[in-house]
Amino acid sequence: MRLASRMDRLGTETAFEVLAKAKLLEAEGVDVVHLEIGEPDFDTPGSIVQAAKEALSQGYTHYGPSPGLPEVRARIAEEASRARGLSFTSDQVVVTPGGKPIMFFSILALVEEGDEVIYPNPGFPIYESMINFAGGIPVPIQLHEGKDFNLDLDELKAKVTPRTKLLIVNSPNNPTGSVIDKSELEAIAKLAAENDIVVLADEIYRRFLYEGEHCSIATFPGMRERTIILDGFSKTYAMTGWRIGYGVLPRDLVEPITRLMTNSVSCTASFTQRAVLEAMDGPQDEVRHMLQEFRKRRDIIVEGLNSIPGIRCVNPKGSFYVFPNIEGTGLSSRELADSLLPDAGVALLSGTAFGKYGEGYVRLSFANSAENIRKALDRIRTFLSKR
Ligand code: PLP
């Protein structure tokens with residue numbers, strides 16, 4: 001079968017491929033520690049599961065409006081406003097199956113053939129994939145280890161041209177765990193406003209912060225009307241498999257993105273939407289507990305990696321990933337990732353899965369128990385010492 005040529009431009013997310021490989025090895029009896037996939041190892045809080053069951057019994061089993069159930073959009077608008085000290089209205093919210101479709105839809109709705117999109121590299125691989133798919137020109141901005149994986153403002157300024165349509169900002173960042181500080185975010189906002197650039201602010205990890213408070217780029221002057229906020233429930237409430245997220249959008253984008261919803265998935269599952277009302281209104285102690293655990297695990301993994309010869313690791317300020325430099329091992333990122341899985345039973349990702357500036361690094365997710373993290377660290381140490 002001859003596929004449409006546009007499919008050549010669509011990339012993928014390596015985490016799912018490595019997960020599949022690891023599962024195959026496990027089926028053969030190999031013990032694998034999973035540090036590849038970006039999802040909390042906790043269960044969804046019981047009250048949310050209960051709310052979903054009740055919603056199913058109450059008949060929330062039908063199509064709903066494409067942008068989301070009105071009461072859910074209203075509650076999300078409140079939550080998004082409270083979290084950022086802004087006032088969003090419910091008609092700016094579109095509920096989507098996970099946060100990911102907001103990337104897909106925003107890029108499809110905004111980027112013309114030849115438009116340039118600046119995005120973090122290393123960064124979430126779907127940004128680059130979608131820019132290419134839409135016919136845009138991907139313009140990677142490097143995140144530097146020496147700047148705790150932040151970008152260089154002068155480099156960013158040099159990347160802006162009259163064709164720059166969109167700038168993607170992801171703080172806390174996947175895969176590096178970096179958090180952009182307020183003054184730097186303000187400078188980025190100024191650059192976007194002065195050059196009439198739309199910003200996609202991927203804030204899916206905003207609750208996973210180990211220092212300070214979350215700051216949204218939407219809060220700076222002139223930014224509310226040019227910022228697309230991507231947020232959701234997957235990570236914070238351990239709901240990755242439920243598929244629910246949302247965009248808080250500039251008004252001009254609400255109708256086009258709703259139309260993309262209608263054309264693709266129709267709507268987000270109705271009972272899932274009802275369940276996130278409980279996520280927002282119900283007790284938050286399980287979320288707090290999960291975040292405390294992540295903090296402990298971060299300390300274990302960073303200390304452990306830094307004690308392995310050939311590896312050095314920046315302490316991440318947010319998210320649940322570390323992105324250690326492995327150049328001192330003498331292996332490339334791919335070589336290390338590809339051999340650790342079969343030879344040591346540790347699944348992690350090559351830094352190059354996050355773009356060209358990921359060479360020399362690997363990504364480990366610490367969304368696994370302290371015990372498993374220690375086991376993985378021991379295995380990596382042993383593997384490297386034998387080489
Ligand atoms: N944005 C980033 C940076 C992510 O890492 C992820 C998931 O891994 C998403 C968005 C998508 O989240 P969801 O599962 O809600 O679609």
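None of these values were measured; they are calculated from a predicted model. Counting starts at 1 for both ligands and their atoms, following the listed order.
If you check which protein heavy atom lies closest to atom 10 (C) of ligand 1, you get M103 CE, 3.3 Å. The closest protein non-hydrogen atom to atom 11 (C) of ligand 1 is K100 N, 3.9 Å. Among protein heavy atoms, the minimum distance from atom 12 (O) of ligand 1 is reached at I204 CD1, 3.9 Å. For atom 8 (O) of ligand 1, the nearest protein heavy atom (residue, atom name, distance) is K235 NZ, 2.7 Å. Among all non-hydrogen protein atoms, the one lying nearest atom 2 (C) of ligand 1 is D202 OD2, 3.3 Å. In this structure, the protein non-hydrogen atom closest to atom 16 (O) of ligand 1 is R243 NH2, 2.8 Å. Counting only heavy atoms of the protein, atom 6 (C) of ligand 1 lies nearest to F124 CZ, 3.6 Å.
Smallest separation of non-hydrogen atoms from E36 and A22: OE2-CB, 4.0 Å.
Within the 4.0 Å heavy-atom criterion, neither part of N173 lies near ligand 1. The proximity of Y127 to ligand 1, defined as any non-hydrogen pair under 4.0 Å, is limited to the side chain.
Ligand 1 is never approached by E39 to a heavy-atom distance shorter than 4.0 Å. Heavy-atom distances between F233 and ligand 1 stay at or above 4.0 Å for every pair. Within the structure, ligand 1 lacks Y246 among the residues with a heavy atom less than 4.0 angstrom away.
Atoms of ligand 1 found under 4.0 Å from any heavy atom of G99 (numbered from 1 in listed order, with element): 13 (P), 15 (O), 16 (O). Residue contact check: S234 has heavy atoms under 4.0 Å from atoms 13 (P), 14 (O), 15 (O) of ligand 1. Taking a cut-off of under 4.0 Å to the non-hydrogen atoms of G98, the atoms of ligand 1 that pass are 15 (O), 16 (O).
Classification of K296 and E293 as a salt-bridged pair holds, one side-chain N sitting under 4.0 Å from a carboxylate O. Using a cutoff of 4.0 Å between basic side-chain nitrogens and carboxylate oxygens, R312 and E145 are scored as salt-bridged.
The side-chain heavy atoms of V287 and T236, taken from C-beta on, include a pair separated by under 4.5 Å. Looking only at side-chain heavy atoms (C-beta outward), V72 and V276 come within less than 4.5 Å of each other. In this structure, V362 and L349 have side chains that are not in contact, with every pair of non-hydrogen atoms separated by 4.5 Å or more.
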Trace of the salt bridge (charged side-chain N to carboxylate O under 4.0 Å, His left out) decision for R274 with E71: CA-CA 9 Å; R274 292 290 300 182; E71 66 277 22; 2.8 Å; yes

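Between the side chains of N173 and T176, at least one donor N or O lies within less than 3.5 Å of an accepting N or O.
A cation-pi contact, defined as under 6.0 Å to the ring centre and within 45° of the axis, is absent between R243 and F233.
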